[in-house]
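Numbered from 1 within each chain, the chains take letters A, B, ... in sequence-line order. Worth knowing before you read on, the calculation uses all heavy atoms, side chains too, and leaves out hydrogens, waters and symmetry mates.
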Protein chains: 2
Amino acid sequence: MFSRACQYAIRAAVLIALEGRNKRRMSLVEIAERTGSPRAFTAKVLQQLARAGILESTKGPNGGFDLPPAKAKKVKLSMVVKAIDGDQVYRGCGMGLPYCNPKKPCPLHDHFQEVRDELRDMLEGTDLHTLSLGLEKGKAFLKR
Amino acid sequence: MFSRACQYAIRAAVLIALEGRNKRRMSLVEIAERTGSPRAFTAKVLQQLARAGILESTKGPNGGFDLPPAKAKKVKLSMVVKAIDGDQVYRGCGMGLPYCNPKKPCPLHDHFQEVRDELRDMLEGTDLHTLSLGLEKGKAFLKR
DNA sequence: GACATTTCGGACAATCAGGTCCGTATTTTT
DNA sequence: AAAAATACGGACCTGATTGTCCGAAATGTC
């Protein structure tokens, strides 16, 4: 469904949103540790998110990545996914036909449309702040 | 969502089901042509489907791949997907956590569950025969 | 039996995704 | 000013995915 890079991005982004509520900035090392993701690779992913304007990065001692709650409420999951994987997963044709559309659909078009729409609605309707709430209550986890 | 191999598999399977209704057996060359898929690579994919028992292959002149309607009605899309990509896409965790479950969910678990269930229901509820009907009426297409 | 047609299967090549390493730039602390 | 902490970015490695090629095996036709 999503690439590994994208999965790491989501994990990291939710965690950063969580700590952003404590006005904390998170270092790469801490993020990688708490999400169980490979450090150097996660760095690349976080750079992509920062370049996409999804989160802020700061160099130097006490630097790291941060995302204040006000912004976390505005960042939808779809933005994270799009920044890493593009939007084919929730917009493209299930059979991979580049020209598939309602006028000239693939055989799977109608069946797949519902699934894709539900995925898109979910991604566009879920923000990082909301997801971080589940984490704080200890009802959800990022690592074994 | 699905790998290229899996997309080719679905396209080919639907086409073979379509021609199976005319008691026709399709050669690799014809399948690749009519689905716009690379020939040699499609051969590998079709072999996988044949080994998985999803369709029949016959060597020699007038050989090829076939799938009679009675069987096409029983082959669900989920079986094709599982044979090529495995079932992670409609069973696994959206964030890629291997231990994600209702007792210890990821932050996305509940949101994602609906989407995954809808995808799974669609794949398990759609058979190749049904998909081939759309093709025959000329309402759906496999190639530009 | 010879030949043509077709799938099968192994070897290989190319590209991409996942991941590491290390030096550089930036910022804070002392 | 020097040192330490941190993100940045490029080079590189590795394995998986995608894709090609070609000989072998099977089967139908003459």
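- Counting to the nearest Å, the P atom of C:dC8 and the CG atom of B:Leu49 are 11 Å from each other.
- For the pair B:Met26 CE and C:dT5 C1', the interatomic distance rounds to 16 Å; values are reported in whole Å.
- A:Tyr90 contributes atom OH, which lies 10.0 Å from atom CG of A:Asp85 (distance to the nearest 0.5 angstrom).
- Atom CZ of B:Arg51 and atom P of C:dT7 are 15 Å apart (whole Å).
- A:Met95 places none of its side-chain heavy atoms less than 4.5 Å from the side chain of A:Phe112.
- If you measure from atom CG of A:Leu46 to atom P of D:dC8, you get 8 Å, rounded to the nearest angstrom.
- The CD-C1' distance, from A:Glu30 to D:dA5, rounds to 14 Å in whole Å.
- One can place CD1 of B:Ile31 at 11 Å from C1' of C:dT7, the figure rounded to the nearest angstrom.
- Within the structure, every pair that satisfies the salt bridge (Lys or Arg N to Asp or Glu O under 4.0 Å) test and touches residues 27-39 of chain B, not counting sequence neighbours, is listed here: B:Glu19-B:Arg34, B:Arg24-B:Glu30, B:Glu30-B:Arg34, B:Glu33-B:Lys143.
- B:Gln48 has its CD atom 11 Å from the P atom of D:dT17, to the nearest Å.
- Using a 4.5 Å cut-off on side-chain heavy atoms (C-beta onward), B:Leu128 and B:Leu77 make contact.
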Checklist outcome for this item: Expected string for nucleotides 16-30 of chain C under the B/S/- scheme (protein heavy atoms, under 4.0 Å, primed atoms plus P, OP1, OP2 as sugar-phosphate) is --BBB-----BBB--

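- Between the side chains of B:Arg21 and B:Ser132, a donor-acceptor pair is found at a separation under 3.5 Å.
- Among the atoms of the strands shown, only primed sugar atoms or phosphate atoms (P, OP1, OP2) are found under 4.0 Å from some heavy atom of B:Leu28.
- Using a 4.5 Å heavy-atom cutoff, the side chains of B:Met79 and B:Leu123 are not in contact.
- With rounding to whole Å, B:Arg25 atom CZ is found 11 Å from C:dT6 atom P.
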